[in-house]
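To keep things clear, I will list the structure first and then write my remarks on it.
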Amino acid sequence: MPLPPVLSSIVGWLRAGYPEGVPEHDYIPLFALLSRQLSEAEVNQVVEELAGSSDPVSAQAIHEAAAAVVNGQLLDSDVARVSARLAAGGWPLARPDSTE
């Protein structure tokens with residue numbers, strides 16, 4: 001099933017912000033940022049889209065990172081780092097001056 005336009009845009013921004021691919025250590029803060037703005041179902045759709053276009057090892061890491069966000073395994077400094085990177089790439093949901 002195709003993603004709704006807003007989620008397709010988010011995936012496009014992610015790919016623009018991370019043209020070489022999202023490093024594993026950025027998945028947890030990335031999904032935390034997404035969950036601040038999107039519903040759980042929408043975050044899951046983005047997770048599935050990213051995992052579906054990845055190799056099996058990366059897909060597993062993506063799923064584990066999404067689960068880690070739910071379990072609270074997150075550092076504010078990681079969120080700030082990822083926010084700054086995405087904001088520099090035009091990400092409209094990230095606020096580099098804040099971890100909120």
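All values reported here derive from a predicted model rather than from experimental measurement. Computation of the quantities below employed the complete heavy-atom set of this structure, encompassing side-chain atoms and omitting hydrogens, waters and symmetry-equivalent molecules.
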Test side chain to side chain contact (heavy atoms under 4.5 Å, CB included) applied to F31 and V47, step by step: CA-CA 8 Å; F31 296 139; V47 166; 3.7 Å; yes
Residues I28, D78; criterion side chain to side chain contact (heavy atoms under 4.5 Å, CB included); working and verdict: CA-CA 8 Å; I28 293 174; D78 289 337; over 6 Å; no
Step-by-step side chain to side chain contact (heavy atoms under 4.5 Å, CB included) determination, V22 to L50: CA-CA 10 Å; V22 179; L50 294 174; 5.6 Å; no
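In this structure, E42 and V46 have side chains that are not in contact, with every pair of non-hydrogen atoms separated by 4.5 Å or more.
Note that the OH atom of Y27 and the CD atom of E64 stand 12.0 Å from one another [nearest 0.5 Å]. Interatomic distance, CG of D55 versus CD of Q60, reported as 11.5 Å (0.5 Å rounding). L34 CG to Q45 CD: the interatomic distance, rounded to the nearest 0.5 Å, is 12.0 Å. In this structure, CD in Q37 is found 8.5 Å from CD1 in I10, a value given to the nearest 0.5 Å. Summarising the geometry, atom CG belonging to L7 is positioned 12.5 Å from atom CD belonging to E48; distances are rounded to the nearest 0.5 Å.
Closest approach of A59 to S54, counting heavy atoms only: N-CB, 4.0 Å. A pairwise comparison of heavy atoms in V79 and A32 identifies CG2-CB, 4.5 Å as the closest pair. When all heavy atoms are compared, the tightest approach of P19 to R85 is CD-NH2, 4.3 Å.
Evaluation of the salt bridge (Lys or Arg N to Asp or Glu O under 4.0 Å) test over residues 21-31, restricted to residues two or more places apart or in two chains, returns D26-R81.
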